[in-house]
Amino acid sequence: MEYKLEVAILPVSEVDRSLAFYTERLGFHLDVDYGPGPDFRVVQLTPPGSACSVQIGVGLTDAEPGSVKGLYLVVPDLQSARAELMGRGVDVGEIRHKAPVDTWQGGFEPGVDPERRDYASFAQFTDPDGNAWALQECGFRSS
């Protein structure tokens, strides 16, 4: 039996502001924007290359806007991804990496992991409501 994660719901306060952030700043693809009435609207967005989408809207969740933490976007080149998003106006935090990686107990050091090991390097950002995302490097290949 396969179990595929298809969608995560993000609580937001202003749907159109969040829609603009996710499409214009993050480059997510708009899959669906359906609102048959004032009490229900679903907007589904998919990150480039992802099989999992996010939904924002009205009437989808009673969670507080900005309460989702720990969402990850995995990228093959963290430095390039961070630069791209910052160039689009996203406030992305500094890159940091687990240290020491092999016996990690929660510590970090600045910059990407010197060996560019998978899942060791991160940079964080939030959406306009404060939903927290991490960029995480996996699959880096030097040119």
Audit row: Asp77, Arg141, salt bridge (charged side-chain N to carboxylate O under 4.0 Å, His left out) steps and yes/no: CA-CA 8 Å; Asp77 185 335; Arg141 303 292 177 258; over 6 Å; no

Aromatic ring pairing Phe28/Tyr22, orientation class (parallel under 30°, perpendicular over 60°, tilted between):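 Rings of Phe28 and Tyr22: tilted, as their planes differ by 30° to 60°.
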
Is there side-chain contact between [X] and [Y], with at least one heavy-atom pair below 4.5 Å?
X: Trp133; Y: Val54; result: yes
X: Pro76; Y: Phe140; result: no
X: Val112; Y: His97; result: no

Heavy-atom pair of closest approach, residues Thr126 and Ala132: CG2-CA, 4.1 Å

At what distance, to the nearest 0.5 angstrom, does [atom1] of [X] lie from [atom2] of [Y]?
X: Leu78; Y: Gln136; atom1: CG; atom2: CD; answer: 9.0 Å
X: Asp127; Y: Ser18; atom1: CG; atom2: OG; answer: 5.5 Å
X: Phe122; Y: Arg82; atom1: CZ; atom2: CZ; answer: 15.0 Å
X: Leu45; Y: Leu10; atom1: CG; atom2: CG; answer: 8.5 Å
X: Phe125; Y: Asp91; atom1: CZ; atom2: CG; answer: 10.5 Å
X: Glu14; Y: Ile56; atom1: CD; atom2: CD1; answer: 11.0 Å

List the residues meeting side chain to side chain contact (heavy atoms under 4.5 Å, CB included) with [X], not counting sequence neighbours, and say none if there are none.
X: Pro110; result: none
X: Arg41; result: Val15, Asp16, Leu19, Asp33, Val43, Val58
X: Ala83; result: none

Heavy-atom neighbours of Arg117 CZ exceed 12 at 6.0 Å: yes

Passing option when Leu135 is tested against Val92, Val74, Ile95 for side-chain contact (heavy atoms from CB on, under 4.5 Å): Val92

Shared-cluster residues of Tyr3, by chain and number - hydrophobic side chains joined below 4.5 Å: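 Members other than Tyr3 - counting any ILVMFWY side chain reachable under 4.5 Å - are Met1.
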
Side-chain cluster (under 4.5 Å, hydrophobic types only) that Phe40 belongs to, other residues: Ile9, Val32, Tyr34, Val42, Leu60

Under 3.5 Å side-chain donor-acceptor pair for Ser121 and Asp113: no

Counterpart residues, salt bridge (Lys or Arg N to Asp or Glu O under 4.0 Å), relative to Arg96 (two or more places apart): none

Lys69/Asn131 under side chain to side chain contact (heavy atoms under 4.5 Å, CB included): CA gap, chis, key distance, verdict: CA-CA 6 Å; Lys69 310 295 182 212; Asn131 293 304; 5.8 Å; no

